[in-house]
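Note sheet for the following structure.
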Amino acid sequence: MLVSDFVATSGRVAALSRRVEKIAALAAILRRLSPAEVQIGVDWLAGRLRQGRLGLGPGVVAEARRASPSVAQPALTLGDADAVFTEIARASGPGAAGARRAALGGLFARATDRERDFFARLLAGELRQERIEPVMIDAVARAARVPPTSLRRAVMLAGDAAEVAKAALLEGALGLQRFSLQLLRPVQPMLAQSADDVATALSELRAMALEWKLDGVRVQAHKAGDEVRVFSRGLGPVTKAVPEIVEIVRALPVRSVVLDGEALTFRAEGPPHPFQVTMRRFGRAHDAAALRAELPLRALFFDVLHLDGEDLLDRPGSERTAALRQVLDRSLRVPRIELPTAAEAEAFFADALARGHEGVIAKSLAAPYEAGRRRGSWLKVKRARTLDLVVLAAEWGTGRRRGLLSNLHLGARDPSAGGFVLLGKTFKGMSDEVLAWQTQRLLELEIGRDAGTVYVRPEIVVEVAFEDVQASPRYPGGVVLRSARVRRYRPDKAVEGVSTMVEVRAIHAGALAREAAEKGQAEGGGEELEEDG
DNA sequence: TTCCGACAGTGGGGTCGCAAT
DNA sequence: ATTGCGACCCCACTATCGGAA
């Protein structure tokens, strides 16, 4: 198939708004692909390249556009372009950037304008915007004449829609049977929705358990015989970065197992390191041995998806936990209580925070492992802190926020210096209405601007929610807010009432956490609330 | 007809590795 | 050596649309 035909048809699909029409149109394209083109086409339709990310940013693409004129007569096939992408993906070492530029330039020299636009968006990942994946699944099911439900399940287990689509299109329903959970191949992890507080979580789930929410990196560990592989939340391979986890899982007295958990590092005194410290262990190819001694990584697991030949995905949460207890020692499991009373739940939450963790996750005892979905059967509850901060500047938004001042620069008062200290930025929490209002209001207060940023007189106060204060090498005060978002504007509040750096540093020092711990100690006499109901 | 779940869009913070400077 | 960029980790919130109720 010619790229130009493909682009034209997929463009028509994107323009359709009705789901059923999209499905029919996509199915029509899929039927026209030759067996060799199926995987290429399915990936492109989903906005991906089967070669993965190519490391070509918008600058390189723009350069390729300028380097040569486009052609008028389309001649490129899917296979031609795919071969170039493979060549680009293979380039490495010194001079690789030049080779990639040359290869892309060669491709663009043979492409029409529309094809260039398509490639540019494909390389930038922009084609993913079209919410194509769920539609694609239905389209593939239709083109391959297999039931959509069995296709959806296969995609969930394979974690790779293109491969499943290829199997369905070329082999039909029989091809789909391969995609039961496969050892050493990652499954989309189950995700949690947010809940405001523990009481809400309790009322939304009937029979439930609570677990600590740890601030680390999600890991899915597979063991098949002596072979162990570990994957991240995005299904990336992280086996090399986590040797101590590999050793522990390999030594488990089971033939095969798939575990879901969180990996993090701890300080000598007990509490966990901040997330950014744990992240040092997750460089892609670095030598973990050197870091291992000074920054040992621990995994705490909370779920088991497969055990000795049996898939447990569809079993209720309580059964999976029972299986987990069979396999893992307590020190390898995330602390958990089942069927807590309201008071027990609150105490468990407070204890988790006092120990330096993010909060808790409430889990239905009945729910299966819903891979890849963010559903109500897992609810995370975290502590939200707030400060009143002043707006120092704002950046122009992009996309649907073009023409609006979107990203706010937030400052705290610094009484000692007599000014304001930049504490972070946020674009979260504003409705379209607020966005329009703040654009107008901030422009009234403008005192200068540079590329993309409008600086304003520090007069507007905004209540900001955030997760924590973390150390920052970049920010002037040495600290930055993590996950800041606007709660509401405070027109009633004058700048003199803005939170001070003294408060901010107190939070950063963990003073509040220590207070809470001491309080908890005094009230509950709480020793080792380590788990098990 | 209204309600609700899923998801895209909009970027925030960080770390590493790699290539260019 | 330093700098800049891209790939990935973590993150929250709003708007919107199709399907469920």
Side-chain angles (χ1 to χ4, degrees), chain A residues 17-20 22-23 47 52-60 91-101 123-135 138 191-194 213-219 231-238 241 262-264 273-288 291 295 358 370 372-376 380 382 384 395-402 404 406-410 423-435 464-475 479-487:
Chain A
S17 62
R18 299 178 74 101
R19 186 183 156 90
V20 283
K22 272 185 194 262
I23 291 169
R53 305 303 311 233
L54 295 184
L56 297 176
V60 179
S92 67
R100 290 169 166 188
R101 272 201 286 269
L123 288 166
E126 283 174 14
L127 290 172
R128 268 184 244 204
Q129 293 170 10
E130 285 159 23
R131 231 203 263 207
I132 205 81
E133 192 92 17
V135 177
D138 285 343
L191 307 172
Q193 283 185 347
S194 295
K213 182 171 192 323
L214 306 171
D215 192 10
V217 174
R218 187 84 177 260
V219 285
F231 305 94
S232 66
R233 179 186 139 160
L235 310 188
V238 294
E262 193 87 358
L264 67 167
H273 278 299
F275 174 75
Q276 54 192 2
V277 173
T278 289
M279 269 308 289
R280 290 195 209 139
R281 287 294 307 270
F282 283 84
R284 262 172 305 166
H286 75 45
D287 177 22
L291 263 177
L295 206 56
E358 272 194 311
E370 296 171 290
R373 316 197 74 140
R374 193 181 288 281
R375 290 262 278 256
K380 57 180 164 184
K382 298 201 251 183
E395 294 170 22
W396 294 107
T398 63
R400 67 187 299 279
R401 290 192 177 189
R402 181 172 298 277
L404 293 166
S406 169
N407 194 15
L408 304 179
H409 295 202
L410 306 165
L423 259 194
K425 305 178 186 178
T426 185
F427 57 93
K428 295 173 185 153
M430 308 95 159
S431 63
D432 286 0
E433 194 185 347
V434 170
L435 223 38
V464 172
F466 59 98
E467 202 172 298
D468 217 336
V469 175
Q470 70 182 31
S472 168
R474 295 214 233 299
Y475 275 80
V479 289
V480 66
L481 301 184
R482 183 165 179 211
S483 207
R485 63 267 191 191
V486 170
R487 270 279 170 80

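Residue numbers begin at 1 in each chain, while the letters A, B, ... track the order of the sequences. Bear in mind that the values here come from a model prediction, so they are computed numbers and not experimental data.
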Inset, instruction - Send over the distance from A/Glu358 CD to B/dG13 P, rounded to a whole Å. - result: 18 Å
Legend entry - By side chain to side chain contact (heavy atoms under 4.5 Å, CB included) - contacts of A/Thr398 (at least two apart): none
Inset, instruction - Please figure out whether A/Arg401 or A/Glu467 has its closest DNA chain C nucleotide nearer the 5' end. - result: A/Glu467
Inset, instruction - Would you please confirm or rule out a distance under 4.0 Å between OP1 or OP2 of B/dG12 and any side-chain N or O of A/Asn407? - result: yes
Inset, instruction - With the side chain of A/Gln470 defined as its heavy atoms from C-beta on, choose the nearest nucleotide among B/dG14, C/dC9, B/dG11. - result: B/dG14
Legend entry - Closest listed nucleotide, where the reference is the side chain of A/Pro473 and the choices are B/dG9, C/dC13, B/dG14: B/dG14
Legend entry - Contact under 4.0 Å: A/Thr426 side-chain N or O vs B/dG12 OP1/OP2: no
Inset, instruction - Could you work out which one of B/dG12, C/dA12, C/dC9 sits closest to the side chain of A/Ser232? - result: C/dC9
Inset, instruction - Could you work out which one of B/dG14, B/dC16, C/dC11 sits closest to the side chain of A/Gln276? - result: B/dG14
Inset, instruction - Take atom CG of A/Asp215 and atom P of C/dA12, then tell me their distance rounded to the nearest Å. - result: 10 Å
Legend entry - Length of the CE-C1' vector between A/Met430 and B/dG9, whole Å: 14 Å
Inset, instruction - Enter the distance from A/Phe466:CZ to A/Arg485:CZ here, rounded to the nearest 0.5 Å. - result: 9.5 Å
Inset, instruction - Can you tell me the distance, in whole Å, between the CG atom of A/Leu435 and the C1' atom of B/dG9? - result: 12 Å
Inset, instruction - For A/Asp432, answer base if it contacts any base atom (sugar-phosphate contacts may also be present), sugar-phosphate if it contacts only those atoms, and nothing otherwise; contact means non-hydrogen atoms under 4.0 Å. - result: sugar-phosphate
Legend entry - Protein-nucleotide distance (A/Glu370, atom CD; B/dC7, atom P), rounded to Å: 12 Å
Legend entry - Nearest listed nucleotide, side chain of A/Phe427, among B/dG12, C/dC10, B/dG14: B/dG12
Legend entry - Atom pair distance, as rounded to whole Å: CE in A/Met279 and P in C/dC9: 7 Å
Legend entry - Atom-pair distance (CG on A/Leu235; C1' on C/dC8), nearest Å: 13 Å
Inset, instruction - Could you tell me whether A/Gly424 contacts a base, only the sugar-phosphate backbone, or nothing, with contacts defined as non-hydrogen atoms closer than 4.0 Å? - result: nothing
Inset, instruction - Please name the pair of heavy atoms, one in A/Thr426 and one in A/Val486, separated by the smallest distance, quoted to 0.1 Å. - result: CG2-CG2, 3.9 Å
Legend entry - C/dC13 OP1/OP2 closer than 4.0 Å to side-chain N/O of A/Arg485: yes
Legend entry - Atom pair CZ (A/Arg233) and CZ (A/Arg218), whose distance is rounded to the nearest 0.5 Å: 8.0 Å
Legend entry - Check: A/Trp396 and A/Asn407 side chains under 4.5 Å, non-hydrogen atoms: no
Inset, instruction - For A/Arg474 and for A/Trp396, locate the closest nucleotide of DNA chain B by heavy-atom distance; then report the residue assigned to the nucleotide nearer the 5' terminus. - result: A/Trp396
Legend entry - Nucleotide forming a Watson-Crick or wobble pair with B/dC7, both distances under 3.5 Å: none
Legend entry - Nearest non-hydrogen partners of A/Lys380 and A/Ala192, listed with the distance: CE-O, 3.9 Å
Legend entry - Upstream residue (5' side of DNA chain B) when A/Gly397 and A/Ser472 are each assigned their closest nucleotide: A/Gly397
Legend entry - Contact summary for A/Asp432 and A/Arg400, nearest pair of heavy atoms: OD2-NH2, 3.2 Å
Legend entry - Integer-rounded Å distance: B/dG14 P and A/Leu295 CG: 18 Å
Inset, instruction - Would you indicate what A/Lys425 reaches in the nucleic acid, counting non-hydrogen atoms under 4.0 angstrom: base, sugar-phosphate, or nothing? - result: sugar-phosphate
Legend entry - 5'-most by nearest nucleotide on DNA chain C - A/Val217 or A/Arg487: A/Val217
Legend entry - Contact under 4.0 Å: A/Ser406 side-chain N or O vs B/dG11 OP1/OP2: yes
Inset, instruction - Return the nearest nucleotide to the side chain of A/Arg400; candidates are C/dA15, B/dG14, C/dC11. - result: C/dA15
Inset, instruction - Establish, with yes or no, whether the OP1 or OP2 oxygen of C/dC11 is under 4.0 angstrom from a side-chain nitrogen or oxygen of A/Lys213. - result: yes
Legend entry - N/O (side chain, A/Lys380) to phosphate O (OP1/OP2, C/dA12) under 4.0 Å: yes
Inset, instruction - Looking only at side-chain atoms of A/Arg233, point me to the closest of C/dC11, B/dG13, B/dC16. - result: C/dC11
